[in-house]
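Here's the structure we're looking at; comments come further down.
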Amino acid sequence: MAPKELPKAYDASAVELDIFKQWEKSGAFDPDKLVKLDARYKDAAPYCIVLPPPNRTGTLHLGHAKMLAIEDLLIRFHRMLGDKTYWIPGTDHAALATQVKVEQVLIKEGIKDPRRELGREKFLEKVREFAEKSRDTIVAQCKAMGSSMDWSREKYTLDEDRNKAVNKVFEMMFEDGLIERGFRVVNWDPVFQTTLSDDEVEHKDTQAELVTFTYDKDFPIAISTTRPETKFGDTGVAVHPDDKRYKKFVGKTLTAVFCGKQITLKVIADAEVDPKFGTGALGVTPAHSLIDADLAERHGLPMVQVIGQDGKMTAEAGKDFSGLTTIEARKKIIKTLEAQGCLQKKESVPQSLLIAQRGESPVEQLPMRQWFLRVNKKFKLRNDTLGKWKKGDETTLKELMRYAVESKQTKILPENFEKIYFHWIDNLRDWCISRQIWFGHQIPVWYKNDDMKVGPDSPGADWVRDPDTLDTWFSSGLWTFSTLGWPDEKEWKKNRAYHPTAVLETGYDILFFWVARMILMSTYVLGEVPFKDVYLHGLVRDEKGRKMSKSIGNVLDPLDLIPKYGTDAVRLSLVMGTSPGMDQKLSEEKIKDYRNFTNKLWNISRYILTSTQLVARSSQLVPKTMADKWILGRLSDVQTKVTKLIGEYQFSQAGDLLREFTWNDLADWYLEISKVEKDKDAILNHILTRLIKLWHPFMPFVTEYIWSLMGNNDLIVAKWPEVVPHSKKNYRNFETIRLLITDIRRLRAEQGVEPSAFIKVAMVADKDAKKLIEENIAIVKQLARLEEIEFVKAVEKNWPTAVSGKVTVGLNLASGIDVEKEHEKIQKEIEALKPYIKSTEAKLKNKDFTSKAPEKVVNDMKNKLDEAKAKLKALEKRQG
RNA sequence: GGACGUUUAGCUCAGCUGGUUAGAGCGUUCGAUUCACAUUCGAAAGGUCGCAGGUUCGAUUCCUGCAACGUCCACCA
């Protein structure tokens, strides 16, 4: 397209698709092909990011879009800096989440109980089909966002290579005694019929009824509980060791008939019991409370399971209660106790109910035979680890996780999340890793009678495989190195340099689920951290700060926004005005603002392209005027700061600086100046070239398009502009001119002067100021719309006047002005100035201040005072 | 119960290790449409930096307490 024909408004949707295809074709996404594009990538430093793999549960939301925008920004920045960038794409099978989703879909389609009706293989077929479709959608969405990932090496948490990694790590951990099968109390989701890890269980504040009673009429100790139905499983009563009321019972074994069931209770003393709560005695239910299970273990109490996996009472509850739901049983028990006269008190208390993370179903704690990863167990390290331990040294997984962050080998941003991370680790319990769902990595263990063998392949004909699958986070934990080829020796060796990866960028909501588990896996398997930095972004919320959800109907879909405003605008709106770890309120209004900015950049480029001759890049750049020196100085300054800020993950600040330079300095001032001073082709091209590069990581599409219109190709691998030193003096001088022009414009607006009219002014200026103005006389005249500037000793009394710096300027208006009003206005300015001068003088007289404050601060203040005094003098002179 | 975060202009947010008379965008008000852009341009108004103490020559910035809002964690049954 010839530049003259460029459309007035940038049409993102008309160009984005082609640009993306061009990038893909160029090979810029592939670290091994980069060198073909530019030789500087030959021995370049590796820079690797793994994409937090989106769940294959449907489509991407704005949180994903934010993640993609930030990661692509980093990747593009580093690619331009000359790093060998490798951004690894992939998706997550998200075991339970996906299976549940598919089940819902199938139920909607009329299959009442999909798993039972279809059977494992057919059901899994449906899940895989759904997952495949999700994957296609996700990939398309990532591409629409402009993500420059290497699509030729896409990974999946459930593909064959990842399965090898999972099996291998399972075997290693089993061998080291870290993974073991055990009969323990676990979190059980009765709706989805599977175990859950502690992190998948949430607490919900509710009101519950706390009942106080004795097990039967003759029982000497009363206890309190919110869950009477579990009391069939009580095997002990715990009291505080110093509690005098119960001292005589401690160590004794009592019996009772609880609602028709004979139970045996050992009275134990444990410091964990709070003597002030309730009656000070606690009925211990080892099978249905993790806390009680701990107590029971300490005191050797047996476990009696009274609630089954279906959430109903078992035969252990006696024939009157077995088969009832827990709620039904609870009501009946209270009634029975009341009738027996055992009930002492009923009161409403706040209680935090355990519920499953997805869905609202309550979670039961049940004893079950499951697989556990032991985080507090000592084991012998297979590698030299984190520079602290040698191969063969003993430590625990918890220690590894803690030291990785403590030693700053992994830095978390924002820093306060480190505290939260440590707190989580310190309270971490063994991780239940087996799930009773079908979609996932099947546990690589085989059984034959009492024999057990670990490994993916069947040891023989009579052996049966464990039907359970692994917690989805087990495979996600390996993501940084499983995607780089581990455990395949050849692949891993090839990619070794990319690990530890540069940065993990993700939402703070999965710090524990994922970030911590990656640190666990990587330090255990490799002896090194998975990434050097963790950048945690905040959640994207609606304009009122609410979570986006389908039920509220406030969801903004990236796929709707992109065609409407352009990808660049969507990306900017997710990066600007945000800081790490802080939630962001996003409105469509904001996206529109950045669409406007995209268009501004487009028009700046359009103007330069259509009004200048393309200048060869090699041509010497000679700033001629003060304005030239000013804008180049500004550009240089912005380049330095933006480079530094992006390196520090301060994207919003970097973007703000760029925006200010682009819109304010360049468009509003320098381009207007260029219309007056002329002959700026070389300098304008120089600025545009750099500007487009600096913006590229933020808004890749429009910049790449402009780049092509400038007759170049592959901005994506262009060299990040190097910083040229500059003198600050030049542009400080020019600021004086800008200030003067703004003052005149304000005076004109105040006086209602016809904006297009050229008027006469008089100025009072000292020698230096006069020289400065004369040097820039054409600019001042044009931008302030002046017909004539007369330098005088004093401005006529009835002319509207402004004092800026050392210059006093007055408008010579043909029609009369409101002298009274003018006088008042200036008087007001004088009155505002006086207290400032007074307080500043006082500060400067204070010896404590002048002796203790840094010299620069004192000097700056002196200068300010001088300026203020000069201004006051000029104003007072004006008033007569 | 513990921990963390937030509180700055009508709205959304900057303000990094304390140092000018606290900034930006949006919105508002006034004005402008041949001449890159009305997805625009010029100008203006608008803040006792949540409250109370403390440290300091100096506090929006550091410390303590309080309040409101939010988040995470948690074995008071």
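Lettering follows sequence order; numbering is per chain, from 1.
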Compare all side-chain heavy atoms of A/Lys231 with those of A/Thr285 and state whether any distance is below 4.5 angstrom.
yes
Using a cut-off of strictly less than 4.0 Å, decide whether A/Ser579 has a side-chain nitrogen or oxygen near OP1 or OP2 of B/A14.
yes
Atom CG of A/Asp294 and atom P of B/C75 are separated, to the nearest Å, by 10 Å
If you check every side-chain atom of A/Arg745, which of B/A43, B/A74, B/A36 has the closest atom?
B/A43
Please work out which of the three classes, parallel, tilted or perpendicular, describes the rings of A/Phe258 and A/Tyr215, given edges at 30° and 60°.
perpendicular
From B/A74, B/C57, B/A36, pick the nucleotide closest to the side chain of A/Ala853?
B/C57
Within less than 4.0 Å of OP1 or OP2 of B/C37, is there a side-chain N or O belonging to A/Lys8?
yes
Looking at A/Gln344, I'd like to know if its CD atom is crowded, meaning that more than 12 non-hydrogen atoms belonging to other residues, nucleotides or ligands lie closer than 6.0 Å.
yes
Which nucleotide in the set B/C73, B/G42, B/U21 lies at the smallest distance from any side-chain heavy atom of A/Phe512?
B/C73
Are A/Val857 and A/Phe849 close enough that some pair of their side-chain heavy atoms sits under 4.5 Å apart?
yes
Please give, in whole Å, the distance from B/G18 P to A/Lys852 NZ?
16 Å
Does a side-chain N or O from A/Arg785 land closer than 4.0 Å to OP1 or OP2 of B/G42, or not?
no
A/Arg429 has a side chain; which of B/G31, B/C75, B/C73 sits nearest to it?
B/C75
Could you spell out the base pairing of RNA chain B as a dot-bracket line? Use Watson-Crick and G-U wobble contacts where both distances are under 3.5 Å, [ ] for crossing pairs, | for partners on a different strand.
(((((((..((((.....[...)))).(((((.......))))).....(((((..]....))))))))))))....
Of the options B/A77, B/G5, B/C41, whose atoms approach the side-chain atoms of A/Asn416 most closely?
B/G5
Does B/U12 have its OP1 or OP2 closer than 4.0 Å to a side-chain nitrogen or oxygen of A/Ser587?
no
Output the rounded distance in Å from CD1 (A/Ile412) to C1' (B/C4).
14 Å
Looking at A/Asn863, I'd like to know whether one of its side-chain N or O atoms comes within less than 4.0 Å of OP1 or OP2 on B/U20.
no
For the side chain of A/Gln653, starting at C-beta, report the closest nucleotide among B/A14, B/C41, B/A36.
B/A14
Starting from P on B/A74, measure out to CD on A/Gln365 and report it in whole angstrom.
12 Å
May I ask you to evaluate whether A/Arg746 reaches the phosphate of B/G42, defined as a side-chain N or O under 4.0 Å from OP1 or OP2?
no
Hey, is the side chain of A/His423 poking within less than 4.0 Å of OP1 or OP2 on B/G2, counting only N and O atoms?
no
Can you tell me if NZ on A/Lys592 sees more than 12 non-hydrogen neighbours from other groups inside 6.0 Å?
no
Under 3.5 Å donor-acceptor pair, A/Lys675 side-chain atoms to B/A36 base atoms:
yes
Can you confirm whether A/Val237 sits close enough to A/Leu282 that some side-chain heavy atom of one is under 4.5 Å from a side-chain heavy atom of the other?
no
Indicate whether OP1 or OP2 belonging to B/C41 is found under 4.0 Å from a side-chain N or O atom of A/Trp663.
yes
Should the side chain of A/Lys419 and the base of B/C4 be counted as holding a donor-acceptor pair, with the cut-off at 3.5 Å?
no
With side chains defined as the heavy atoms from C-beta onward, is the minimum distance between A/Met548 and A/Leu556 less than 4.5 Å?
yes
